[in-house]
Participant: 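First the structure, then my questions, so here it is.
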Amino acid sequence: MQLHPRPTAGEPRLWAFPAPERGGLPNGMTVLRCHRPGQKIVAVEVNLLAPLAAEPTGQEGVATIMSRAFSEGTDRHTAEEFAAELERCGATFDTHADHPGVRLSLEVPASRLTKALGLLAEALRAPAFPEHEIERLVRNRLDEIPHELANPGRRAAMALYAALFPAESRISRPRQGTAESVARIDAKAVRTFYDAHVRPASATVVVVGDLTGIDLDAALAQTLGAWTGNAPSPAAWEPITADDTGRVVIVDRPGAVQTQLLIGRTGPDRHDPVWPAQRLGVYCLGGTITSRLDRVLREEKGYTYGIRAFGQVLRSRADGSGLALLGIRGSVATDVTGPALADLWQVLRTLAAEGLTDEERDAAVQYLVGVAPLSFETSAAVAGTLADQVEEELPDDYQAGLYARLAETGTVEATAAAVRAFPPDRLVTVLVGDAGQIAEPVRQLGIGEVTVISGS
C-alpha cells in the first residue's frame with residue numbers, strides 16, 4: 001500500500017475584505033458593485049442622504065415614517081400589490097432611518113434581480129404615500145413608543161442621549177421621534193420631506209452577490225437609472241457638542257428588581273487613526289465573556305449575567321466633525337447596584353494603572369481578525385458594511401485595511417486607547433431602577449452628582 005505524506009499547514013494569509021468596483025449612473029447615482037461567486041442571493045443597499053437633522057422641528061420621526069412608507073404603494077401598485085410583486089420575486093425589503101440618512105435594503109435571488117430592482121426603483125421614484133397608509137404607520141409608531149419607554153435598555157439610551165447632548169440638538173432626542181412629534185406627522189409632511197431630500201444624485205446603490213450572467217449595467221440603467229430628480233441641496237449637518245462631565249442620572253422605576261446600567265461619553269469616529277487601537281482596547285475591556293468587566297462583575301462577584309463595553313459610530317464625517325458613543329451596558333440586581341458600580345470603576349482605575357496584558361491583546365486580535373471571514377460570508381453582510389462606509393464617508397478599502405491595522409496594534413497602544421475612552425472621572429452614568437434603593441449607595445461612590453428623574 002502506498003503511503004502519502006501527511007498534509008501540513010501552509011503559511012497563514014491575511015484575509016481581505018471584498019473590494020468593490022465604483023461607478024455611476026447618468027442621473028448622478030453612485031454605484032458600488034461586488035461580484036461574489038457562489039452567492040446566489042444578491043443584496044442591494046440604497047443610501048439616501050436624508051439625515052435626521054434635516055427633519056423639521058416638531059416633526060421628529062418623519063424620516064422613519066417616510067422610510068416605512070416606501071413599501072406602502074407607488075404610482076403603479078397599491079401596498080398589497082407591491083408586497084405581492086416582491087413575494088413573486090422571492091425578495092425581502094426593509095428600510096431604516098438613522099442619523100446619517102435613510103437606508104433601503106433588498107435581498108433577492110440573482111435570477112430575479114432585474115425585476116426586484118424595478119420595484120425598488122419604483123418605490124424610490126414614485127412613492128404614493130397614500131393618506132390612509134401614512135395614518136396607519138403613524139398609529140403603529142405611536143403604539144410602539146410606550147413599549148420602548150417600558151424597556152429598561154431603550155429608556156436608558158434615551159436618558160443618556162438627553163444628558164450628553166444639548167436639548168436643541170437633534171441627536172439628543174429619540175431617533176424615531178416622540179409621541180408628540182410623531183402625532184404631528186401626516187401625508188403632506190412625509191411628501192414634503194421626500195421632495196426636499198430624496199434625490200438620485202445624492203444616493204448610492206450597493207449591489208453584492210454572484211453577478212455571473214447578469215448585465216448589471218443594463219439592469220441598473222432601466223431601473224434605478226430611470227429615476228430623475230433635481231440636484232440635491234446641501235445636507236443639514238449640525239455641529240454636535242457633548243458634555244461628559246461625570247454625573248449620574250437615575251430613571252426611577254419603583255419596585256424594580258434590577259438596575260439597568262448605561263455608562264457613556266463621546267469619542268472619535270472611524271476617521272480618527274486611533275479607532276483600531278480603541279476597538280481593540282474596548283474589546284479587551286468588555287467585548288466578550290472573558291473580558292475584564294465580565295471576569296470581575298460576572299465570574300468573581302456574580303452581580304450580572306453579562307456586561308459589555310462598546311464603541312458605536314453616531315456620525316462619521318471626513319471633515320473631522322464625526323463622533324462615536326463609547327459605552328458600557330448591562331444589568332445588575334437592585335441590591336448590589338452600588339457595589340457593582342464600585343467594582344466597575346475599580347476595573348477602570350486598574351486598567352489605567354497597570355494596563356492590558358500581552359495575552360489579552362493577543363486573544364483580542366486573534367478573535368477580531370480571525371472571525372472576519374465568517375462575519376462576511378453573506379452578500380448582505382458585505383453590502384451592509386459597504387453601505388456603512390458610504391454613510392460614514394470612508395474610503396472603499398477601509399474595512400480591508402482595518403484588520404491589518406488591528407493586527408499591527410500593540411498592547412501599549414490598545415491600553416492607551418481604552419484608558420482614553422473611559423476616564424473614570426468623565427463618564428455619564430444612567431441607571432434605570434428603584435431610586436429609593438439605589439440613589440444613596442450611588443451617591444456614596446462619589447462618581448458624580450446624582451439626579452433622579454421620573455421613569456414614566
Side-chain angles (χ1 to χ4, degrees), residues 44-48 50-89 91-107 116 119-120 122-159 161-162 170-198 251 380 384 432 455-456:
V44 180
E45 299 275 342
V46 175
N47 291 52
L48 302 175
L52 298 190
E55 292 179 318
T57 302
Q59 289 185 345
E60 291 85 356
V62 69
T64 292
I65 299 299
M66 181 192 73
S67 71
R68 296 180 180 184
F70 276 127
S71 61
E72 301 300 333
T74 68
D75 61 345
R76 297 179 181 176
H77 297 96
T78 65
E80 293 78 10
E81 292 169 344
F82 188 82
E85 289 297 317
L86 283 171
E87 188 173 350
R88 289 189 187 97
C89 292
T92 60
F93 180 62
D94 195 16
T95 60
H96 177 66
D98 208 333
H99 288 290
V102 173
R103 183 87 66 85
L104 288 75
S105 305
L106 178 75
E107 287 187 77
L119 293 169
L120 176 62
E122 190 178 309
L124 286 166
R125 175 188 58 79
F129 297 144
E131 189 170 339
H132 68 283
E133 296 289 2
I134 299 299
E135 290 174 353
R136 179 180 61 80
L137 291 172
V138 167
R139 289 195 303 271
N140 289 348
R141 178 69 198 121
L142 291 173
D143 287 342
E144 293 170 357
I145 293 174
H147 297 283
E148 293 170 358
L149 292 173
N151 182 292
R154 297 291 291 272
R155 189 64 183 85
M158 293 177 192
Y161 280 76
R170 176 64 182 89
I171 202 169
S172 72
R173 300 187 290 279
R175 286 174 169 85
Q176 298 178 328
T178 64
E180 293 75 17
S181 66
V182 172
R184 299 189 185 103
I185 298 170
D186 56 17
K188 181 180 178 182
V190 173
R191 173 63 64 179
T192 299
F193 189 77
Y194 168 88
D195 289 341
H197 302 290
V198 180
V251 182
V432 181
S456 60

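Excluded from the calculations below are hydrogen atoms, water molecules and symmetry mates; all remaining heavy atoms, backbone and side chain alike, are included. Because the structure is a prediction, the values reported are computed rather than measured.
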Participant: Provide the closest heavy-atom pair for Y161 versus I171 in the form atom of the first, atom of the second, distance.
Facilitator: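 Looking at all heavy atoms of both residues, the closest pair is CD2-O, 3.3 Å.
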Participant: Can you name the nearest heavy-atom pair linking A69 to I134, along with the distance?
Facilitator: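 The answer is CB-CD1, 3.7 Å.
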Participant: Is the backbone of E72 close enough, under 3.5 Å, to the side chain of R68 for a donor and an acceptor to pair up by distance?
Facilitator: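 Such a contact is absent between R68 side chain and E72 backbone.
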Participant: Walk me through it: do T95 and S71 pass the test side chain to side chain contact (heavy atoms under 4.5 Å, CB included)?
Facilitator: CA-CA 9 Å; T95 60; S71 61; over 6 Å; no
Participant: Do the side chain of R175 and the main chain of G61 share a donor and acceptor less than 3.5 angstrom apart?
Facilitator: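 Side chain of R175 to backbone of G61: no pair is present.
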Participant: With the threshold set at 4.0 Å, does a side-chain nitrogen-carboxylate oxygen contact exist between E60 and R170?
Facilitator: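 The answer is no: the pair does not qualify as a salt bridge.
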Participant: Determine whether L106 and V46 make a side-chain contact, defined as any pair of heavy atoms from C-beta on separated by less than 4.5 Å.
Facilitator: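 In short, these two side chains do not touch, never coming nearer than 4.5 Å.
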Participant: Would you check if M158 and E148 make a side-chain contact, meaning some heavy-atom pair closer than 4.5 Å?
Facilitator: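 SC-SC contact between M158 and E148 confirmed.
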Participant: Could you check whether H77 and E122, counting side-chain N and O atoms only, form a donor-acceptor pair closer than 3.5 Å?
Facilitator: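 Yes, side-chain donor-acceptor contact under 3.5 Å.
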Participant: Only pairs under 3.5 Å count here: list side-chain donor-acceptor contacts from residues 184-195, not counting sequence neighbours, and write none if there are none.
Facilitator:
{"from": "R184", "atom 1": "NH1", "to": "G58", "atom 2": "O", "distance (Å)": "3.0"}
{"from": "D186", "atom 1": "OD1", "to": "K188", "atom 2": "N", "distance (Å)": "3.2"}
{"from": "D186", "atom 1": "OD1", "to": "A189", "atom 2": "N", "distance (Å)": "2.8"}
{"from": "R191", "atom 1": "NH2", "to": "P127", "atom 2": "O", "distance (Å)": "2.6"}
{"from": "T192", "atom 1": "OG1", "to": "K188", "atom 2": "O", "distance (Å)": "2.8"}
{"from": "Y194", "atom 1": "OH", "to": "L124", "atom 2": "O", "distance (Å)": "2.5"}
{"from": "Y194", "atom 1": "OH", "to": "R125", "atom 2": "O", "distance (Å)": "3.3"}

Participant: To check you understand the geometry: which heavy-atom pair defines the closest contact between R76 and E81, and what is its length?
Facilitator: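 The pair with the smallest heavy-atom distance is O-OE1, 3.9 Å.
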Participant: Considering only heavy atoms from C-beta outward, does the side chain of I145 approach that of R141 to under 4.5 Å?
Facilitator: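 I145 vs R141: side chains touch.
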Participant: To the closest 0.5 Å, what do you measure between CD (E87) and OG1 (T92)?
Facilitator: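 Answer rounded to 0.5 Å: 12.0 Å.
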Participant: With the side chain counted from C-beta on, respond yes when F70 and F129 share a heavy-atom pair under 4.5 Å apart, and no when they do not.
Facilitator: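 Result yes, sub-4.5 Å side-chain heavy-atom pair found.
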Participant: Short question: side chain of E107, backbone of A380 - any donor-acceptor pair under 3.5 Å?
Facilitator: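 Such a contact is absent between E107 side chain and A380 backbone.
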Participant: Rounded to the nearest 0.5 Å, how far does CG of D94 lie from CD of E45?
Facilitator: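 So the gap between those two atoms works out to 9.0 Å.
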Participant: State, without any angle test, whether T64 and S67 hold a side-chain donor-acceptor pair at a distance under 3.5 Å.
Facilitator: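 Note: T64 and S67 side chains miss the donor-acceptor criterion.
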Participant: Looking only at atom types and distance, does a side-chain atom of R139 sit under 3.5 Å from a main-chain N or O of L142, one as donor and one as acceptor?
Facilitator: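 Here the side-chain-to-backbone pair does not exist.
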Participant: Could you walk me through whether F93 and L119 pass side chain to side chain contact (heavy atoms under 4.5 Å, CB included), step by step?
Facilitator: CA-CA 10 Å; F93 180 62; L119 293 169; over 6 Å; no
Participant: Count the heavy atoms of every other residue, nucleotide or ligand shown that sit under 6.0 Å from CD of E144, and state whether that count exceeds 12.
Facilitator: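 Enclosed: over 12 neighbouring heavy atoms sit under 6.0 Å from CD of E144.
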Participant: Please report the shortest heavy-atom distance between R103 and G384, naming the atom on each side.
Facilitator: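 That would be NH1-O, 3.8 Å.
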Participant: Could you check if a side-chain atom of V44 sits within less than 4.5 angstrom of a side-chain atom of S105, using non-hydrogen atoms only?
Facilitator: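 With C-beta onward as the side chain, the pair stays apart.
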Participant: Is any side-chain heavy atom of M66 closer than 4.5 Å to one of V198?
Facilitator: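 Of all side-chain heavy-atom pairs linking M66 with V198, at least one is under 4.5 Å.
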Participant: At their closest point, which heavy atom of A63 faces which heavy atom of L52, and how far apart are they?
Facilitator: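 Reported closest heavy-atom pair: CB-CD2, 3.8 Å.
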Participant: Report the distance from atom CD of E131 to atom CZ of R136, rounding to the nearest 0.5 Å.
Facilitator: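 Between E131 CD and R136 CZ, I get 14.0 Å after rounding to 0.5 Å.
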Participant: Given Q59 and S181, is the side chain to side chain donor-acceptor pair (under 3.5 Å) satisfied, shown in steps?
Facilitator: CA-CA 5 Å; Q59 289 185 345; S181 66; over 6 Å; no
Participant: Treating D98 as the side-chain partner and P100 as the backbone partner, does any N or O pair qualify as donor plus acceptor under 3.5 Å?
Facilitator: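 No.
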Participant: What pair of heavy atoms forms the shortest contact from V251 to A159, and how long is it?
Facilitator: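 The pair with the smallest heavy-atom distance is CG2-CB, 3.8 Å.
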